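Just so we're clear, the structure is a prediction, and the values are computed from it rather than from any experiment. Proteins get letters first, then strands, A, B, ... in listed order; numbering begins at 1 in each.
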Amino acid sequence: MTGAFYATTPIFYVNAEPHIGHTYTTVVVDTLARYHRLAGEKTFFLTGSDEHGEKIAEVALELGETPQAVADRYSEAFSRTWQTLGFSFDRFIRTTDPDHKQVVQNILQKIYDAGEIDFREYEGLYCIGCERFFTERDMVGGKCPDHDRPLESRKESNYFFKMTHHFEWLIDYINSHPDFIRPDRYRNEVLGMLREDSGLGDLSISRPKSRLEWGIELPFDTDYICYVWFDALINYLTGIGYPDGPDFATLWGASQHFIGKDILKPHAVFWPCMLHAIGLEPYQRLNVHGFWNVDDRKVSKSLGNKIDPLVMRDKYGFDSFRYFLLRDMAFGTDSDFSEEALVTRINADLANNLGNLVSRTLNMTGRFCGGNVPEPGQPGAQEQAVADAAATAAGQVDAHLRSCEFHRALEVIQGLVDTVNRYLEARAPWKLAKQKAAGWQAHVNTTLYTSCEALRVLSLLVAPFMPETAPKILERLGIPDALATTRLPDDAATWGSLAPGTPTSKGAPLFPRIEVES
RNA sequence: GGCGGUGUAGCUCAGUCGGUUAGAGCGGCGGCUUCAUAAGCCGUAGGUCGGCAGUUCGAGUCUGCCCACCGCUACCA
């Protein structure tokens, strides 16, 4: 086992149902986790739910239930959906988990003892929706612009994490570690946030119990609970056994967070400062992606244009949906989702190209080679070209995945499919089989061996992206358990491991073409 | 107002250190083919590279200004 990979999604606030944004982040991390596992790295994939705070307490009050009961139900909805979609997470953490509570309290006490926390009085206008105080300039017409609800005047004494003391260090760290936050555009934004005139101050990390009881109690003042972000971010440590779990050091040294751009500030500023105060190395990397717009508009409750991943799964198959999400968004930028674009992509890439290549290859293997992987003859220049293309593709997919260029990786895979389709066209085994000229069988055998072997490579390369599809192809190639022993990228780059004589089966179309009524 | 981003073929986008005829996919059109999911292959489609000016032997690719959209941020109200 070489290398390690620890990847996280945000923990999702449990007052909403999973939509395309949550799903995208999780698809990204799932794909990477699967790849790194296939690469033989020690891999841990963490996702979960964020359950404390006023919104949950409010809902509980309205329903006459306990906050815990509300959180249980919402969290269950998330975790069940994630399981149904087949995500390969290693733990679904909840901020109400006992070990998390303990870790948060340990850390609070630790940095309190280190003098990193102040007690201050603060007065201001507060939005329950945002769970934060507003300054005059933040509000629009006396209301919170995001939640369109009146602000409440509050005067509170609270505990503050002396975050600003760490800014100088953080600026230096970001400047000396170019890959700490990527893509670059977000790195620049963070540096902007940290400029002296940005107004970013110390971080309030508590709420008095008189206002809110639903949270983790401060160990040094039982009249207070911990503010949500401080609580939530620490899940990334709890999830892998901080402080002395057996894998903690290894995994933390290989930690990568994946977030949407809306929560850049807590992850790029609060969190590194917290880690610095705790005395831990910063996470290895923060990966920030853009938003999916739907039908050219922002996703919003009022528009009702949320995309439910379960509906997409039932309608198109989740592998196809995953493929679209990863293929049509350049990581970091915003993209547009529409069912029309989804169908176009599925038909072009999956039905017409990949799926059809599987069909024609295995059909001919059945008709012209008795259904078994044929014994190839001496490879010629054409065969060598296909083998070279496969090896090149394996290396490129590896590189692109490691730099979060999923769309590029899938382009490369699609390019390999094109290469094999062109190869078949050039070899035209169906012609040879019909004419039955001298030596036709050897020619056809070599051709179909090459094509079958290319399918084997394609299956491996596609496995992290489409975890349901890859095993289906491998099963038809007669090697259903291949993934269990696969090491990427080498096993995809090494030509010729498909054994002649292996029985194949044609099967139904993997991606039936979707006909749209017009 | 400041900072940053984006603006390239009908659509989605590539275009590294400036260099000969500006590229890909999808769609459209023409042809070939029939093993395959009416799939595949080949060939095409002639876009003032947002606008103007400048630097240069030469700019999509650098500079300035302007326009449009987006993000962050500031201030005024």
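- When rounded to the nearest whole Å, the span between CD of A/Q414 and C1' of B/U12 equals 15 Å.
- Of the candidates B/C35, B/C72, B/C41, the closest approach to any side-chain atom of A/N363 belongs to B/C35.
- As the counterpart of B/G7, B/C67 is assigned, both hydrogen-bonding distances of the Watson-Crick or G-U wobble pattern falling under 3.5 Å.
- A/T344 comes within contact range of the sugar-phosphate backbone alone, with a heavy-atom separation under 4.0 Å but no base atom that close.
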Under the salt bridge (Lys or Arg N to Asp or Glu O under 4.0 Å) rule, what do A/E475 and A/K472 come out as? Steps first, then yes or no, please.
CA-CA 5 Å; A/E475 189 175 347; A/K472 283 186 197 168; over 6 Å; no

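- In this structure, A/P429 reaches neither bases nor backbone, as no heavy-atom distance under 4.0 Å exists between it and the strands shown.
- Rounding to whole angstrom units, CH2 of residue A/W430 and P of B/C32 are separated by 16 Å.
- Per the geometry, CG belonging to A/D349 stands 11 Å off P belonging to B/G40, to the nearest Å.
- A/K261 and A/E189 are not joined by a salt bridge, as no carboxylate oxygen comes within less than 4.0 angstrom of a charged side-chain nitrogen.
- With distances taken from any side-chain atom of A/R185 to the nucleotides B/G5, B/A36, B/U37, the minimum falls on B/G5.
- For A/L354 and B/G25, the CG to C1' distance is 16 Å, given to the nearest whole Å.
- Among the protein residues, A/N353 comes within range of the sugar-phosphate backbone only, with heavy atoms under 4.0 Å from sugar or phosphate atoms but none that close to a base.
- What separates CZ of A/R367 from C1' of B/U34 is a distance of 10 Å, to the nearest Å.
- The main-chain N or O of A/R427 is found under 3.5 Å from a side-chain atom of A/H443 such that the two form a donor-acceptor pair.
- Candidate nucleotides B/C35, B/U37, B/C41 were compared by shortest atom distance to the side chain of A/K506, and B/U37 ranks first.
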Derivation and outcome, side chain to side chain contact (heavy atoms under 4.5 Å, CB included), residues A/L474 and A/D481
CA-CA 8 Å; A/L474 291 168; A/D481 300 324; over 6 Å; no

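- Side-chain proximity of A/K431 to B/C41, B/A36, B/U33: nearest is B/U33.
- Among the protein residues, A/L424 comes within range of no part of the nucleic acid, since none of its heavy atoms lies under 4.0 Å from any strand.
- For A/R513, the listed nucleotide lying nearest its side chain is B/A39; candidates were B/A39, B/A36, B/C26.
- Between A/K434 and the phosphate of B/C35, there is a side-chain N or O to OP1/OP2 separation shorter than 4.0 Å.
- With a cut-off of 3.5 Å on both Watson-Crick or G-U wobble distances, the partner of B/U55 is given as none.
- In this entry the distance linking CZ of A/F511 with C1' of B/U37 reads 12 Å, nearest Å.
- Atom CG of A/L362 is separated from atom C1' of B/G40 by 16 Å (rounded to the nearest Å).
- Both distances falling under 3.5 Å, in either a Watson-Crick or a G-U wobble arrangement, occur for no nucleotide opposite B/U21.
- Between A/R345 and A/F368, it is A/R345 whose nearest contact on RNA chain B lies nearer the 5' terminus.
- Nearest to the side chain of A/R422, among B/C41, B/A36, B/C35, sits B/C41.
- The closest side-chain donor-acceptor pair between A/Y323 and A/D349 falls under 3.5 angstrom.
- If you check every strand for non-hydrogen atoms under 4.0 Å, A/R408 touches sugar and phosphate atoms only.
- The separation between A/N421 atom CG and B/A39 atom C1' is 9 Å, rounded to whole Å.
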